[in-house]
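When a residue number appears, it is its place in the shown sequence, counting from 1. Note that the structure is a prediction, hence the values are computed from the model and not measured.
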Amino acid sequence: MKTQHKKVRKVLTPEQKIKRRSFISFLTFFILGGAAFGSWKWLLHAPEETPGVTAGASQPLRRALNKTELFFRNLFSHKHLARTYPIERAASDVRVNGDIGIEDEDFDQDNWRLSIQRGKKELLTINMADIRQLPKTDIVFDFKCVEGWDQIQHWGGVRFIDFITHYKLQKEAGMHYVGMETPDKAYYVGLDMESALHPQTILAYEMNGQPITPEHGAPLRLIIPVKYGIKNLKRIGTISFSNQRPPDYWAEQGYDYYSGL
Ligand SMILES: Nc1nc2c(c(=O)[nH]1)N[C@H]1C(S)=C(S)[C@@H](COP(=O)(O)O)O[C@H]1N2
Ligand SMILES: [Mo]
């Protein structure tokens with residue numbers, strides 16, 4: 001004969017069941033709530049990135065943004081070439097937009113020099129005659145402004161990668177970023193090295209086969225078809241290389257630092 005062992009289990013009344021559930025709910029609420037509050041405080045007190053570079057995002061947020069950016073970067077852009085068009089498609093009446101850093105009417109093109117620090121001690125000062133001697137590349141592509149317009153345009157100049165090779169800036173090009181600014185430093189852009197070295201990125205001195213006019217950035221401007229117009233700096237004065245993000249005029253106003261297409 002088997003003895004039946006009955007497990008003695010406390011039978012809860014409906015009221016007790018409700019009480020127990022409420023207790024679990026409260027506990028969950030406090031633990032999760034506390035965790036959320038803690039994370040918020042942590043974010044709030046986390047140091048900010050260099051002001052002006054990421055419009056004041058805190059470091060943990062910046063890291064998250066960088067991760068997302070990297071993901072999309074690898075997914076699209078850089079292996080691809082921007083679409084090009086036959087020369088007849090290029091606009092003859094080229095749109096003008098933005099004059100920050102190029103307003104000075106007394107600006108003297110003949111005295112213009114491009115300054116670049118090479119290594120720790122050397123400052124290269126390059127004039128237009130030097131630049132015109134380098135191999136020339138033409139491109140006809142659809143120029144896109146974040147304000148919502150685009151236009152097929154024809155530009156000519158030296159590919160940035162060819163320029164780097166000629167001036168033996170390979171070591172500098174091993175860094176993460178390029179910074180460019182107007183001679184008066186009023187307009188400035190930061191570019192990831194991959195985009196700067198993209199085969200369609202050029203230091204342009206011609207538009208529709210003619211020297212660039214002052215309002216389009218004479219004597220030398222950046223044409224970077226993998227980026228929106230805001231990164232296509234007109235009238236380059238200085239080029240620098242760094243591993244930190246260089247300041248960027250429109251990124252400081254809240255625009256996407258990367259601004260890629
Ligand atoms: N120095 C300088 N470069 C600049 C700007 C500017 O205001 N100043 N505006 C940018 C913007 S927003 C665009 S769309 C393009 C316009 O170039 P474009 O005037 O030759 O059409 O230049 C870019 N480069
Ligand atoms: Mo623009």
Are any of the side-chain nitrogens in D130 or R132 under 4.0 Å away from the carboxylate oxygens of its partner? no

Return each pair, listed once, that meets salt bridge (Lys or Arg N to Asp or Glu O under 4.0 Å) where at least one residue sits in residues 160-170; pairs must be two or more places apart or across chains. R159-D162

State yes or no: do [X] and [Y] share one hydrophobic cluster built from I, L, V, M, F, W and Y residues joined by side-chain heavy-atom distances below 4.5 Å, directly or via other members?
| X | Y | answer |
| --- | --- | --- |
| I224 | I139 | no |
| M207 | F141 | yes |
| I100 | L220 | yes |
| I152 | I202 | no |
| L197 | I236 | yes |

Looking only at atom types and distance, does a side-chain atom of [X] sit under 3.5 Å from a main-chain N or O of [Y], one as donor and one as acceptor?
| X | Y | answer |
| --- | --- | --- |
| D192 | Y177 | no |
| N243 | H176 | yes |
| K231 | L191 | no |
| Q200 | A82 | yes |
| R113 | I126 | no |
| H198 | H80 | yes |
| D142 | Q153 | no |
| Q170 | A173 | no |

Could you tell me if R245 sits above the aromatic ring of Y257, with its cationic atom closer than 6.0 Å to the ring centre and no more than 45 degrees from the axis? yes

Are K227 and Y258 in a cation-pi setup, meaning NZ or CZ lies under 6.0 angstrom from the ring centre and within 45 degrees of the ring axis? yes

Find the distance between [atom1] ([X]) and [atom2] ([Y]) and round it off to the nearest 0.5 Å.
| X | Y | atom1 | atom2 | value |
| --- | --- | --- | --- | --- |
| N127 | W112 | CG | CH2 | 7.5 Å |
| D150 | C145 | CG | SG | 9.5 Å |
| R235 | L114 | CZ | CG | 13.5 Å |
| F143 | N232 | CZ | CG | 4.0 Å |
| K144 | I230 | NZ | CD1 | 14.0 Å |

Side-chain contact test, heavy atoms from C-beta onward, threshold under 4.5 Å: evaluate it for [X] versus [Y] and give yes or no.
| X | Y | result |
| --- | --- | --- |
| E252 | P247 | yes |
| V158 | K136 | no |
| L169 | K171 | no |
| E215 | D99 | no |
| L81 | P199 | yes |
| W155 | H216 | yes |
| S195 | T201 | no |
| I116 | I239 | yes |

Donor + acceptor pair across side chains of [X], [Y] (<3.5 Å):
| X | Y | result |
| --- | --- | --- |
| Y187 | W250 | yes |
| H154 | D138 | yes |
| E172 | Y167 | no |

Other residues, nucleotides, ligands: >12 heavy atoms within 6.0 Å of [X] [atom1]:
| X | atom1 | result |
| --- | --- | --- |
| Q244 | CD | no |
| R89 | CZ | no |
| D93 | CG | no |

When the ring planes of F163 and F160 are compared, do they come out parallel, tilted or perpendicular, using 30° and 60° as the limits? parallel

Partners passing side chain to side chain contact (heavy atoms under 4.5 Å, CB included) against K234 (at least two apart in sequence or in another chain): V96, I102, R221

